[in-house]
Amino acid sequence: MVDTVGSNITDWITAISQLVFMIIFIMLFLGFNQRFQVYVWSRNIKAKLVILENLAKESRKKTIDYMKNLGMESPEPVVDKAINYFVIEPVGIEPTDIIRRMETLFKTRETRIEGIVEQSLPDASKVEKSIVETAMEISGALNLVFKYVRHLLITGQKTNNWILIMQLEMLLPQIVKQAQTYRKALDVFLDGKPIGDGAGPLTVFKLAEFREPKQIAKDTVYYETTIEGRKAYLIKASGPESNVGHPGAGVENLVKQLVEKGEKIGMIITVDAALKLEGEETGEIAEGAGAAIGDPGPEKIRIERTATQYNIPLHAIIVKMSMEEAILTMKKEITEATDKVIEKIKEFSKTIPEDRVMIIAGIGNSIGIA
Amino acid sequence: MLLAITGMQFFNNKGILPPEIQGLVTIVFLALTLTFFYYMMIKTVPKKQEEQYITKTLIKCMNSEHTEERRFEKGDYIGKIVGECPEGDTKYIYAIYDVSLAPKKTQ
């Protein structure tokens, strides 16, 4: 009796297992495994999308609150206008004068955003206005990242494009990390603290030793000093506002003025923050040839063209740091690295005759650095 | 005990457990093994701890080596004049930087 019952149950278990196995086998042929995988990926992407959405919302709110603290009653429409502002890439298949076209577009954008802020906060200080502009830029970037990831997810789901969803799922941890860094950077800018990217302007500040700044281009100043017996001109973005200035235009204008005055220029040195490779130490410095500047082109090409036109050697000194360190509060290692940069500049200066002058451009955002 | 039952199961022609119990035991063992592996995986993944930083302001005197460090205050910027030194020269903010709260790991 017991054996018969046991045997019946065994038969049932065997039958059900075989049926389940058959069903799974058929479903594998019908692509169920892929559909299930896409479902799991989509669910993961949706979870991360919530994080991105929160980051975008938080940064928008922080920007609005900052503007309200400056006395603006309802900054929401202004912030939304700036956040959704876009720049159309110039035509690339015809490279002639692309830099000039690019410069025109950047100037248009800069003037427009400055105009919006000026109109909204006429009584705010220069530093506060610059912080609002940067906060709007960060909020705009986070908003774009969120919208674009959402767009890719919906497109992938609509078209059942599992490769798109798979790529998105694999890339998202990195995207979320960068977005979180941007969000942290917003707080740093709102506090007016110097950032890692300010290594160049900090070097210039230390060399200038409270000398009187003179304007050489929009938002860009220069100082006159002496390094190892040679006359030196130091260029940086004006501070302590959040601003990268126009160092390319600054170098170009200054070189023209000096040449007109009959000065002989021995060298141009650009000092900038540069992305380190994983494993490299933060604050490590290195020298090289060329213009150390990370703009999309217009400023860099001005420095290169000016150096080429007047046959001036163009040196570069970089301070290595990670992407995160470049946009967050300056680390002690980076502050200390600027002293090593100054030593390097002194070494360079000894290689030119004493009757020659040198130009040193500290490239980067000068927030928190006078 | 467990080994003895398993041994008898495989080496005795009759087997001491009915087939349905044998199936259940296998499933339970499988579940336990999977749970153990999952637990080990979770345990071996290093916990991500975000490094904590504090922003410091370094104040210097213009003509002497006197320096002082304090916590960053809103409105501080490098180059800001913040008073006079005991010797009578100007006191200014020389640097603002983040320092880690955790002691640096040695490799």
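Here is how names work: the chains are called A, B, and so on, in the same order as the sequence lines, proteins then strands, and each is numbered from 1. Model, not experiment: these values are computed from the prediction.
- The two residues A:F205 and B:I93 make their nearest non-hydrogen contact at CZ-O, 4.4 Å.
- Highest contact tally toward chain A, considering only B:T90, B:I21, B:V99, B:T55, is held by B:T55 [criterion: heavy-atom pairs under 4.5 Å].
- Within a 6.0 Å radius of CZ in A:F36, no more than 12 heavy atoms belonging to other residues, nucleotides or ligands are found.
- To the nearest 0.5 Å, atoms CG (A:D191) and CD1 (B:I96) are separated by 10.5 Å.
- The contact between B:I81 and chain A is made entirely by side chain atoms (from C-beta outward), counting heavy-atom distances below 4.5 Å.
- Other residues, nucleotides and ligands contribute only 12 or fewer heavy atoms inside 6.0 Å of the CD atom of A:Q174.
- A:L190 touches chain B through its backbone: at least one of N, CA, C or O sits under 4.5 Å from a heavy atom, while the side chain does not.
- The number of heavy-atom neighbours closer than 6.0 Å to NZ of A:K61, taken from other residues, nucleotides and ligands shown, is 12 or below.
- Within a 6.0 Å radius of OH in A:Y182, other residues, nucleotides and ligands contribute 12 heavy atoms or fewer.
- Taking 4.5 Å as the limit, some side-chain heavy atom of B:Y94 sits within range of a side-chain heavy atom of A:K206.
- By number of non-hydrogen pairs under 4.5 angstrom with chain B, the leading residue of A:I13, A:T329, A:L202, A:I195 is A:T329.
- Taking both residues in full, the closest heavy atoms of B:G79 and A:F210 are given as O-CE2, 3.3 Å, listed atom of the first, atom of the second, then distance.
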Query - Step-by-step salt bridge (charged side-chain N to carboxylate O under 4.0 Å, His left out) determination, B:D98 to A:K331 - result: CA-CA 5 Å; B:D98 258 4; A:K331 278 194 176 169; over 6 Å; no
